[in-house]
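Only one structure is covered here, and it is reproduced in the block below.
In listed order, ligands and their atoms are each counted from 1. If you're wondering where the values come from, they're calculated on a predicted model, not measured in any experiment.
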Amino acid sequence: MHELLIATRNPGKLREFAAIFAGLDLRLHTLDDLGIQDEIEESGTTFAANATLKAEGYMALSGLPTLADDSGLEVAALGGAPGVYSARYGGVTGAAQLQYLLDQMKEIPWHARLARFVCVIALARPGHAPQLVEGRLPGVIEFEPKGSGGFGYDPLFYLLDEHATLAEITAERKNSISHRAIAARAARAILAHG
Ligand code: IMP
């Protein structure tokens with residue numbers, strides 16, 4: 001049985017990773033399980049840099065192989081913003097942040113509202129160079145929030161294949177198609193090969 005630290009404090013993310021890694025010979029740990037209180041600052045300017053900083057930083061603190069992710073929303077018409085600054089975009093959170101994004105995109109017509117969610121996962125293992133995998137989910141930014149599921153930008157993220165926003169589909173469906181699920185399946189393939 002191998003050990004793996006999942007470097008998150010978000011129980012939802014932990015459940016998603018645990019479901020995708022089910023059946024692997026792995027014992028998962030969390031930061032809280034190990035009593036790690038330090039916060040590694042996400043000071044990078046790319047998802048890959050931030051995921052790598054966290055995976056290597058928490059591996060150094062725990063002594064265990066460590067998986068860390070970084071994710072966010074990239075809107076084509078905004079030059080890829082908010083990107084790595086998604087959590088802090090506009091200096092606000094929650095409904096005010098959705099309104100801030102809508103205000104930035106007031107003049108932008110439906111056909112030019114292309115966006116994607118991106119998730120980069122870094123795997124740090126003692127004696128290995130960090131390995132990176134990425135998942136992307138394309139969509140279109142809505143003109144108003146729709147649905148009450150999910151979190152963050154989900155109510156504004158319309159999926160052409162689903163005819164619905166990410167906040168209107170079930171959590172189970174989201175967890176099977178999301179940028180994080182795609183990246184986690186790629187990480188699973190690496191972990192399965194030892
Ligand atoms: P982190 O990778 O957990 O730090 O996520 C960064 C930010 O990206 C979050 O605070 C959200 O604003 C946004 N984000 C990442 N994934 C999602 C998602 O699945 N739905 C909605 N927002 C997301």
Answer yes or no: is there a donor N or O on one side and an acceptor on the other, between the side chain of Gln97 and the main chain of Val92, under 3.5 Å? yes

Does any N or O of ligand 1 fall below 3.5 Å from an N or O anywhere on Lys54, backbone included? no

Can you check whether Val118's main-chain N or O pairs, donor with acceptor, with Glu134's side chain at less than 3.5 Å? no

From the options Ala181, Ser86, Cys119, select the one whose nearest heavy atom is closest to atom 13 (C) of ligand 1. Ser86

With the side chain counted from C-beta on, respond yes when Leu98 and Tyr100 share a heavy-atom pair under 4.5 Å apart, and no when they do not. no

I'd like to check which ligand 1 atoms, numbered from 1 as shown, lie under 4.0 Å from a non-hydrogen atom of Lys13. 1 (P), 2 (O), 3 (O)

Starting from atom 20 (N) of ligand 1, locate the nearest protein heavy atom and write down its residue, its atom name and how far away it is, to 0.1 Å. Asp154 OD1, 2.5 Å

Relative to the heavy atoms of Ala87, which atoms of ligand 1 are at a distance of less than 4.0 Å? 7 (C), 10 (O)

Within a reach of under 6.0 Å around CG of Asp25, are more than 12 heavy atoms found that belong to other residues, nucleotides or ligands? yes

Quick one: are Asp161 and Ile177 in side-chain contact, heavy atoms under 4.5 Å? no

Geometry only, no angles: is Arg180 polar-contacting ligand 1 at N/O separations under 3.5 Å? yes

Per-atom contacts of ligand 1 with Lys174, taking only distances under 4.0 Å to non-hydrogen atoms: 18 (C), 19 (O), 20 (N)

Just jot down the ligand 1 atoms closer than 4.0 angstrom to any heavy atom of Tyr153, in number order. 12 (O), 21 (C), 22 (N)

Flag, side chain of Asp70 to backbone of Val120, donor-acceptor distance under 3.5 Å: no

Could you tell me the residue and atom name of the protein heavy atom closest to atom 17 (C) of ligand 1, and the distance to it rounded to 0.1 Å? Phe151 CZ, 3.3 Å

Can you tell which part of Phe157 has a heavy atom less than 4.0 Å from ligand 1: side chain, backbone, both or neither? neither

Atom 23 (C) of ligand 1: the protein heavy-atom neighbour that sits closest, reported with distance to 0.1 Å: Phe117 CE2, 3.4 Å

Using heavy-atom distances only, which candidate in Ser71, Gly72, Gly12 approaches atom 6 (C) of ligand 1 most closely? Ser71

At what distance, to the nearest 0.5 angstrom, does CZ of Phe21 lie from CG of Leu67? 5.0 Å

So if I count the atoms of ligand 1 from 1 in the order they appear, which ones are less than 4.0 Å from some heavy atom of Asp70? 2 (O), 4 (O)

Which residue and heavy atom of the protein sit nearest atom 16 (N) of ligand 1, plus the separation: His179 NE2, 3.1 Å

Would you call Leu137 and Leu166 a side-chain contact if the rule is heavy atoms closer than 4.5 Å? yes

With a 4.0 Å cut-off, would you call Arg9 and Glu39 a salt bridge? yes

